[in-house]
Amino acid sequence: MKTLEQDLSAWAKERFSAAFPDANLDEVPLDVVPTAEERFGDYQCNAAMGLARALKRAPRQIAETVAATQDPHPAIAGMEIAGPGFLNLTLSNKWLAGRLQALEEDSRLGVPAEGDGRTVVLDYSGPNVAKQMHVGHIRSTLIGNALDRLHRFMGFRVLSDNHIGDWGTQFGLLIQGYRHLLDDAAFDADPVEELERIYVESQQRSEQDPDWLEQARRELVKLQKGDEESLRIWRRFMEASRTENEKIYQRLGVSFDLQRGESFYNDRLPALVERLVRQGIAEESEGALVVNLEEEGLGVCIVRKRDGGFNYATTDLATIESRIEEFQPDEIVYVTDERQQLHFRQVFAVARRLGIRVGLVHIWFGPMRSAEGTFSTRKGNVIKLHRLLDEAERRALAMVQEASPQMPADQQKEVARALGIGALKYADLCQNPQSGVNFTWQKALALDGNSAPYLQYAYARIASVQDKYRERFPDGDLAAHPIVLGEPAERRLALRLLRFPDAVSRACRQNKPSILADYLFDLAQVYSSFYQNVPFLQAEEGCRESRVRICGVTARVLRQGLDLIGIETPSRI
RNA sequence: ACCCCGGUAGCUCAGUUGGACAGAGCAGCGGAUUUCUACUCCGCCGGUCGCAGGUUCGAAUCCUGCCCGGGGUGCCA
């Protein structure tokens, strides 16, 4: 099923081609888009202005040629040329109502399955072992998970992979610290908290005490050589972290198909580097093995360090190869912060030289900052993720208790969980991923205005309307009455609902959950206005059923849309 | 020094890839409820789109230069 924009755009393109058969129209955008303002109609096509030069004709004249067409699209009730050559389209109420009913009948709410079974590996979240998840991890996790949900819904075969940082130089310091600084009781009580403490202390000590540093190096070498005792300790770290992270993921409603750490690819590294050398891709420089990417303006990419160790570029290349062998993806998508842009550009460039043809995409997002600047463990201003979630739920609970004092306590808690976590997620996802986030508690946990609870509230009101309808009109038969669009607010709402497929499709194509969030907020606003100003349960039979049906479609769109960005919709608030 | 982002209302941000007089939320001010959940709705106030040029029918959007902020730039990830 085509989206409404696609449908109208295809029509426009066909009309322009028919009117100007000799012109090359491939270069010019002929899209039909929603109008900037209601008074210009419902949809508009701006192609005439763009074509004026190529066709050497006045834009208004070009627009007229199309407007005068004898076979208008069945949706179009009126066409008008405005300004320099805008072609403004007004759609027929009857057609809109029919289309809305088609959306209502469709389990996918009109969203095309553009993924068409293609496979995408989605790499996101990726916390480090032995460190607690903090605000710095939230963006990759939330944006990644939203893209995960969007792609699945769009018909892609998605393999989400949590590429955990479970290998690297920090383990020397950690094991050294574990052997000498561990407080057993503290470790039993909260293993990751204790590991984090050990790590910080061990690192501080290594900066002042060369012997300590040297011992840590030896611990790292032992681990890398596969020493059983070292591996045993390492596995304890892994398990503790995994248990701790799992709690967070569960609270966030995030799950992965795979959770493979960097260590999973260790065995592949020597052979990969050997191949890079043999194929003349990598060369020796200052004792290390590097791939020179100066030509592409990407500097050099180190694939083996002077000490013989491998680094993350190597691991990422091996990971790509492994994923290709196992899953034959069409695309591999990484969701990380902006600081890794150069890294991924280098890795992708080296992959190309290795003959890897799979689509490689780095979706990066801006940094999370606090009022004092960046969050960092050194400054001691990091906000632990579990604390952030607790706080979100706590604030939401206060709100629910005030608004619904009659609600049973356990339900209040459950609703508060959905609202609090939803608010937190939405605060992040409603923003363009690429802009940075200045973290404030107030913004992260906002419960009014452009926030998840506003959308959830709109949903809950509809659920209530539907209950009341069944209660008051037990014999009412919604299907027996067609959707009719009369009131302006009603028509406006219908137009918004019909944009849902375009919003989902665009959000997925552009890897921007914010596009969908933005759409949903707009929809909720239009609905709230409708709700406030148009009576429905008090309306006459027929009109009443039509409006309750429109409410029903709105509820489904809100629910589906919010689900696609990982936000729950309780039916009572 | 070079590279990548960003700079839009008092604050936080959109702006469908070049379209109509620049849009939301919050904050501020003023209204609306014997009614389907007021966590709502309606209205008002508020902008030299960092600055200066350029491209064209048309620029917040593209190009050049400059200013400010963030990030990155060979052995951390």
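Below, chains carry the letters A, B, ... as their sequence lines are ordered, and counting in each starts from 1.
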Seminar exercise, completed: Whichever of Met49(A) and Asn533(A) has the more 5' nearest nucleotide on RNA chain B, that residue is Met49(A)
For this session: Looking at every strand, decide which applies to Arg572(A) at a 4.0 Å heavy-atom threshold: base, sugar-phosphate, or nothing.
Result: base
Exercise. Atom CD in Gln61(A), atom CD1 in Ile81(A): separation rounded to 0.5 Å?
Worked result: 10.0 Å
Seminar exercise, completed: With the side chain defined as heavy atoms from C-beta on, Ser528(A) is closest, among U40(B), G74(B), C39(B), to U40(B)
For this session: Measure from the side chain of Arg306(A), starting at C-beta and using heavy atoms only, and say which of C75(B), G74(B), C76(B) lies closest.
Result: C75(B)
Problem set entry | Nearest-nucleotide 5' precedence on RNA chain B, Ser464(A) against Val300(A) | Ser464(A)
For this session: Check whether the side chain of Asp337(A) and the base of A77(B) form a donor-acceptor pair under 3.5 Å.
Result: no
Problem set entry | Output field: ring centroids Tyr124(A)/Tyr334(A) closer than 6.0 Å | no
Exercise. Across the strands shown, which category fits Ala82(A) at heavy-atom distances under 4.0 angstrom: base, sugar-phosphate, nothing?
Worked result: base
Problem set entry | Of the listed nucleotides A20(B), U37(B), G19(B), the one nearest the side chain of Phe40(A) | A20(B)
Exercise. Strictly by modelled atom types, are Tyr519(A) and Arg499(A) linked by a side-chain donor-acceptor pair under 3.5 Å?
Worked result: no
For this session: Could you measure between the two C1' atoms, the one in A32(B) and the one in G71(B), and give it in whole Å?
Result: 49 Å
Exercise. Which part of the nucleic acid, if any, lies within contact of Gln538(A), taking any heavy atom under 4.0 Å across all strands shown: a base, the sugar-phosphate backbone alone, or nothing?
Worked result: base
Exercise. Counting only distance, no hydrogens or angles, is the base of G25(B) paired donor-acceptor with the side chain of Ser451(A) under 3.5 Å?
Worked result: no
Exercise. What is the nucleic acid contact for Glu262(A), judged by heavy atoms within less than 4.0 Å: base, sugar-phosphate only, or nothing?
Worked result: sugar-phosphate
Exercise. Are Tyr312(A) and His343(A) close enough that their ring centers fall under 6.0 Å?
Worked result: yes
Problem set entry | Touch class at under 4.0 angstrom, heavy-atom based, for Gln456(A) against every strand present | nothing
Problem set entry | Distance, P atom - from G19(B) to G28(B), rounded to whole angstrom | 36 Å
Exercise. Of the candidate nucleotides G74(B), A20(B), U37(B), which contains the atom at the shortest distance from the side chain of Ile302(A)?
Worked result: G74(B)
For this session: Decide if the gap between the ring center of Phe40(A) and the ring center of Phe86(A) is smaller than 6.0 angstrom.
Result: no
For this session: Could you work out the separation of U56(B) and U16(B) based on their C1' atoms and round it to a whole Å?
Result: 22 Å
Problem set entry | Phosphate-side-chain proximity, Gln525(A) and C41(B), N/O vs OP1/OP2 below 4.0 Å | no
For this session: Would you mind telling me which of U37(B), G72(B), A77(B) lies closest to the side-chain atoms of Gln340(A)?
Result: A77(B)
Seminar exercise, completed: Per the glycosidic torsion and the 90° limit around 0, nucleotide U17(B) is syn
Exercise. Are any of Arg461(A)'s side-chain N or O atoms less than 4.0 Å away from OP1 or OP2 of A38(B)?
Worked result: yes
Exercise. Which nucleotide in the list A77(B), G71(B), A20(B) gets nearest to the side chain of Tyr312(A)?
Worked result: A77(B)
For this session: Have a look at Val534(A) and say if it touches a base, only the backbone sugar-phosphate, or nothing, with a 4.0 Å heavy-atom cut-off.
Result: base
Problem set entry | Side chains of Asp166(A) and Ser263(A), donor plus acceptor under 3.5 Å | yes
Problem set entry | Which nucleotide in C3(B), G25(B), C76(B) has an atom nearest any side-chain atom of Arg345(A) | C3(B)
Problem set entry | Ser529(A), nearest nucleotide to its side chain (from C41(B), U37(B), C36(B)) | C41(B)
Problem set entry | Nucleic acid footprint by protein, nucleotides 8-18 of chain B - heavy-atom cut-off 4.0 Å, B for base, S for sugar-phosphate alone | ----SSSSB--
Exercise. Quick one: do the Ser528(A) and Tyr454(A) side chains pair a donor with an acceptor below 3.5 Å?
Worked result: yes
Exercise. Just checking, is any N or O donor in the side chain of Glu338(A) or Trp364(A) under 3.5 Å from an acceptor N or O on the other one?
Worked result: no
What pairs of donor and acceptor atoms, side-chain ones from residues 437-447 of chain A against any protein atom, are under 3.5 angstrom apart with sequence neighbours left out?
unit_1	atom_1	unit_2	atom_2	d
Thr440(A)	OG1	Lys443(A)	N	3.0
Lys443(A)	NZ	Asn438(A)	O	3.3

Exercise. How is Ser505(A) classified with respect to the nucleic acid when contacts are heavy atoms under 4.0 Å: base, sugar-phosphate, or nothing?
Worked result: nothing
Exercise. Taking the C1' atom of each, how far is C49(B) from A24(B), in whole Å?
Worked result: 16 Å
